[in-house]
2 protein chains.
Amino acid sequence: MNFQEEVQKFIQEHFQNTLPTIALDLVIFGFHENQLKVLLLRWKGGDYWMLPGGRVYKKEDVDDAATRILRERTKLEMLFLQQFHVFGKLNRSSYFSAQETYKLLGIENLYSPDFRDVSVGYYALVEYTKVNPVADNFSDECRWWSIDELPCLLFDHNDIIRVALKTLRRQLSYQPVGYNLLPEIFSMTDLQSLYETILGRQLDRRNFYKQMMTYGILELSESSPKIASRKTPYLYRFKKERYEQLLDDEELTIG
Amino acid sequence: MNFQEEVQKFIQEHFQNTLPTIALDLVIFGFHENQLKVLLLRWKGGDYWMLPGGRVYKKEDVDDAATRILRERTKLEMLFLQQFHVFGKLNRSSYFSAQETYKLLGIENLYSPDFRDVSVGYYALVEYTKVNPVADNFSDECRWWSIDELPCLLFDHNDIIRVALKTLRRQLSYQPVGYNLLPEIFSMTDLQSLYETILGRQLDRRNFYKQMMTYGILELSESSPKIASRKTPYLYRFKKERYEQLLDDEELTIG
DNA sequence: AAAAAATCGCGTACTTTATACGCAAAACTA
DNA sequence: TAGTTTTGCGTATAAAGTACGCGATTTTTT
């Protein structure tokens with residue numbers, strides 16, 4: 001059984017167990033070396049990249065399916081995951097036409113001009129170092145890409161990432177961010193770098209410090225030095241109760 | 001052909017032309033007599049109410065389908081319409097079980113425990129007086145309901161309205177609202193009443209006035225009196241360019 | 001008809017939040 | 001050892017948000 005047949009068989013079986021028409025796409029954000037990263041998959045045998053995604057089992061909540069897919073790719077539990085947009089255009093191809101895409105994927109025989117998927121976009125924030133990227137059945141490789149060095153992705157996935165980033169930026173203005181993107185212990189500078197990277201602009205160090213302090217989401221880690229200096233800055237952790245209180249004030253998690 | 005058979009025939013035909021699994025639900029907001037209203041449909045022959053909704057034709061953008069449904073119910077064009085959440089739980093019934101719901105609707109024979117829909121929620125802002133509510137094929141009646149006097153709706157539609165309202169309230173904090181909810185010419189008090197109703201709290205008249213002026217979205221109508229007073233307050237209209245500029249800054253309309 | 005109450009536009013004072021920038025201590029650079 | 005960088009923390013100023021006053025006009029009350 002060659003690759004095409006194998007994929008075809010898998011797809012057919014998978015489609016029988018999952019909801020038709022609905023697909024999920026996940027924009028999984030990580031943060032490393034002052035860069036915002038996104039987890040991408042490389043399709044088997046080619047050099048074409050796409051977002052991790054999947055389908056919803058017939059007896060599964062849509063949000064649960066997104067959680068499952070995120071867990072499969074990252075091997076992580078308990079993450080920040082939020083649906084942000086539905087991508088439902090008839091033509092969801094940016095750089096390659098639909099037919100071209102099937103050809104690139106080596107499954108040209110599966111192409112049908114009538115087929116379409118409506119995709120529910122989710123974005124997740126995960127801790128870069130804790131992630132062990134795992135490819136799925138259709139992929140050879142799963143790895144991080146820097147958000148400003150993305151290749152041309154399949155389907156409309158560049159658009160999806162753009163909207164996800166916009167949503168994340170907006171989230172930053174009314175909710176704290178960082179709990180799932182940073183290690184448990186971090187310095188104020190680490191947190192500020194994260195914010196600067198997401199927002200794409202510089203922030204004043206001293207004002208940032210003050211703002212975080214008034215939010216009350218940080219507490220000194222016990223490993224902090226008594227006297228802070230260049231080599232040994234204070235280390236913080238998030239006060240989870242307060243952090244999640246600020247999250248809950250605005251979250252929409254019904255459905 | 002009795003009602004059940006008629007409905008069944010219509011549903012089957014409709015389902016053949018539309019995408020499976022995906023439904024749309026519309027929360028259409030209007031404003032009248034200092035109350036926020038929502039457009040609801042009464043199912044044929046019963047006293048059970050639900051949100052207007054519909055399905056997506058196989059060759060139709062999802063957003064276009066929402067626009068079409070909104071137009072069908074209101075006979076209006078060019079409205080503010082925005083998708084806000086996907087409702088994808090396995091069990092989307094709040095007050096009546098799925099089977100019970102089918103019974104209430106008089107289509108018990110169509111019930112299947114395996115059937116499920118994932119619903120994309122849209123909310124719209126329309127001008128109350130301009131709307132001519134039109135029932136659909138399954139409904140006897142389409143009319144406005146005050147947002148705080150809603151009955152127990154079918155499915156999870158009370159939840160959907162709650163999330164829509166929350167989204168609308170948030171929108172108010174970073175975007176102007178009113179263009180599609182008020183008549184072309186209105187007084188400052190009218191606009192303030194709208195804001196107070198949406199936010200569910202009182203605002204200071206004088207501060208509200210100042211804030212709207214700094215936004216720069218209002219201009220005096222030519223029908224305004226030279227000297228304002230109780231009986232004859234100044235009348236305003238929206239400066240559309242400035243208004244839409246503020247909208248565009250934050251809108252997410254890809255997909 | 002006069003007094004009281006309500007509503008309108010517009011203004012001022014105060015408080016909270018956001019932004020700009022200063023400074024000393026520690027540690028690295030050379 | 002002198003200069004530079006990075007850290008925590010402070011102060012001054014600007015902007016945004018909130019409380020409330022006032023006179024003119026109209027409606028309601030008596």
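Letters go in sequence order (proteins before strands), and every chain restarts at 1.
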Polar pairs (N or O, both sides) under 3.5 Å between protein and nucleotides 16-19 of chain D?
from: D/dT18; atom 1: O4; to: B/Lys210; atom 2: NZ; distance (Å): 2.8
from: D/dA19; atom 1: N7; to: B/Asn207; atom 2: OD1; distance (Å): 3.4
from: D/dA19; atom 1: N7; to: B/Asn207; atom 2: ND2; distance (Å): 2.9
from: D/dA19; atom 1: N6; to: B/Asn207; atom 2: OD1; distance (Å): 3.1
from: D/dA19; atom 1: N6; to: B/Lys210; atom 2: NZ; distance (Å): 3.4

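- For the salt bridge (charged side-chain N to carboxylate O under 4.0 Å, His left out) condition, the pairs that include at least one residue of residues 179-198 of chain A, sequence neighbours left out, are A/Glu184-A/Arg237.
- As a whole-Å value, the separation of A/Met213 CE from C/dA18 P is 16 Å.
- For A/Leu220, the side chain to side chain contact (heavy atoms under 4.5 Å, CB included) partners two or more places apart in sequence, or in a different chain, are A/Ser224, A/Tyr234, A/Tyr236.
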- Task: For the pair A/Tyr215 and A/Tyr243, evaluate ring-ring contact (aromatic ring centres under 6.0 Å, His included) and give the outcome as yes or no after the intermediate values.
- Result: CA-CA 9 Å; A/Tyr215 287 168; A/Tyr243 186 97; over 10 Å; no
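- No side-chain heavy atom of B/Trp144 sits less than 4.5 Å from a side-chain heavy atom of B/Val38.
- In this structure, the CZ atom of B/Phe208 is 16 Å from the C1' atom of C/dC10, given to the nearest Å.
- Annotation: side chain of B/Gln175 is not in contact with side chain of B/Leu246 (no heavy-atom distance under 4.5 Å).
- If you take SG on A/Cys142 and CH2 on A/Trp49, they are separated by 8.0 Å, rounding to the nearest 0.5 Å.
- The separation between A/Arg205 atom CZ and C/dC23 atom P is 14 Å, rounded to whole Å.
- Within residues 185-195 of chain A, the residues having any heavy atom under 4.0 Å from DNA chain D are, by residue number, A/Thr189.
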Can you give each donor-acceptor pair under 3.5 Å made by side-chain atoms of residues 127-134 of chain B, sequence neighbours left out, with the distance rounded to 0.1 Å?
from: B/Glu127; atom 1: OE2; to: B/Thr129; atom 2: OG1; distance (Å): 3.3

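- Here D/dG8 presents its P atom at 14 Å from CE of A/Met212, a figure rounded to the nearest Å.
- For A/Ala23, the side chain to side chain contact (heavy atoms under 4.5 Å, CB included) partners two or more places apart in sequence, or in a different chain, are A/Arg55, A/Asp117.
- We find that CD of A/Gln202 is positioned 16 Å from C1' of C/dC21, with the value rounded to whole Å.
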